[in-house]
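Here is how names work: the chains are called A, B, and so on, in the same order as the sequence lines, proteins then strands, and each is numbered from 1.
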There are 2 protein chains.
Amino acid sequence: MGEVLSSSSRKAQVIRVAAELFREKGYVASSMRDLAQKLGIEAASLYSHIKSKEEILHILCFDMAEDFMVSLNQVEKQQNLTASQRLQQGIIGHIQVMARDLTASAVFMNEHRHLSQPFLRDFLLLRINYINRFKKMIEDGVADGEFKKEIDKKLAVMTLFSSLNWMPQWYNPDSVIDPESLGKQLADMLVNGLKQNR
Amino acid sequence: MGEVLSSSSRKAQVIRVAAELFREKGYVASSMRDLAQKLGIEAASLYSHIKSKEEILHILCFDMAEDFMVSLNQVEKQQNLTASQRLQQGIIGHIQVMARDLTASAVFMNEHRHLSQPFLRDFLLLRINYINRFKKMIEDGVADGEFKKEIDKKLAVMTLFSSLNWMPQWYNPDSVIDPESLGKQLADMLVNGLKQNR
DNA sequence: CCTACCGATCGGTAGG
DNA sequence: CCTACCGATCGGTAGG
């Protein structure tokens, strides 16, 4: 997990509480006074821990991005697996990272656009890179003959990402289904579809 | 299309320009002064056309919701079709409604949470109803034996909605692929999966 | 559609 | 971590 977020410092606590607030109300609608109140301190006191409101958003977004990258790096090492197996592992990894901190994941997803430049650009470059690496797995599957050659790879990867990204909005981490099973089911649905196998 | 949005009144123009602004910067970060500037008038003059900032958001969200409902009503009438055919028609309809106004669709999707009560509650009830009607189509498909009985229906419908909802973020309406083809491909991918048919 | 303006709230700083 | 405070900006109104 990102260094700051995983620590138990006061700063980390400020960021975790901020994440809850940002998720609930959105970044722009969350005031530093709201945040201070949740922490039981005065707004001005926040600035002993963080440099600015945006620093909080920056840490939340980039710490999550880092975790997603680490997870995908692991998967890409396993070149002994077939494309669909790697895709499955990638999906499971993504969901596991999200499940470790669904609040930060929701902020990562919905609020990153409020980063100012040049951070926004850096963030979007990381995201494009991540998506392209998933797209590569799909292309590998087509090249192998494991996936249909007629599939629209862009549509496939966008559909995959949409479902992954939307998950923090409805997935309940205390539910019966654990992240790994969820990842497997999602991968299976995407790869095999809903239809009865003949 | 919703009455206000489709008209060419000055009010409709204000709302359309607001939609672009809300999409770009988010509802909260968009000021009435930003909006006025885009229209070439003073901020105070906006209030000759609209009652409040929230009225704009309300109209955008509920006009889109109305259009989605009309589309789904049409599909549900076709009980001669199989579940997967109805699902496909539902998906195509949803995408066609979105494609008619991708800007309003993006606002509908990302900014509805800034509606105040009781409008937010009303909106969420409409959305739940809409989702449940798609879920019903999937359940019908399972009951018929057309879809696998092991599928997680909640996961399937959330995956479907995630992809539909995310589309305004990447779909280019001027692209080579028209909404109907896109809907067909998405439905096919969901129903049949990526895997080569044996 | 404009000028003139209001009270509330914003992120953040100085100085302890 | 607090008190005291700043300049900027917010949505919106009065009155034409």
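D:dG12 atom C1' lies 14 Å from atom CG of B:L35, rounded to whole Å. With rounding to whole Å, B:L46 atom CG is found 10 Å from D:dG12 atom P. The interatomic distance linking B:I41 (CD1) with C:dT3 (C1') rounds to 14 Å, in whole Å. For A:E55 and C:dG12, the CD to C1' distance is 14 Å, given to the nearest whole Å. Remark: C1' of C:dT9 and NZ of A:K25 are 12 Å apart, rounded to the nearest angstrom. Following rounding to the nearest Å, A:K38 (NZ) and D:dC1 (P) show an atom-to-atom distance of 17 Å. Rounded to whole angstrom, the span from the NE2 atom of B:H114 across to the P atom of D:dG11 amounts to 13 Å. Atom OH in A:Y47 sits roughly 17 Å away from atom P in D:dC6 (whole-Å rounding).
Between the side chain of B:S71 and the main chain of B:D67, no donor-acceptor pair closer than 3.5 Å is present.
For D:dC10, the OP1/OP2 oxygens have a side-chain nitrogen or oxygen of B:S31 closer than 4.0 Å. For B:S45, a side-chain nitrogen or oxygen approaches OP1 or OP2 of C:dC2 to under 4.0 Å.
The B:K53 side chain lies nearest to D:dG12 when the options are D:dG12, C:dC1, D:dT3. If you check D:dG12, D:dC1, C:dT13 against the side chain of A:A44, the one that comes closest is C:dT13. When distances run from any side-chain atom of A:M32 to the nucleotides C:dG11, C:dC1, C:dA14, the shortest one goes to C:dG11.
Comment: A:K184 engages A:E180 in a salt bridge, judged by a side-chain N to carboxylate O separation of less than 4.0 angstrom.
Nearest-nucleotide mapping onto DNA chain D: of A:A43 and A:R33, the residue sitting toward the 5' end is A:A43.
Using Watson-Crick or G-U wobble geometry with both donor-acceptor distances under 3.5 Å, D:dG16 finds its partner in C:dC1. Base pairing analysis places D:dG11 opposite C:dC6; the two distances defining the Watson-Crick or G-U wobble pair are each below 3.5 Å.
Between A:H94 and A:F68, the ring planes lie parallel to each other; the angle is under 30°, not in the 30° to 60° tilted range.
Side-chain contact between A:L87 and A:F147: present, with at least one pair of heavy atoms (C-beta onward) separated by less than 4.5 Å.
A:F123 and A:F108 have their aromatic ring centers within a separation under 6.0 angstrom.
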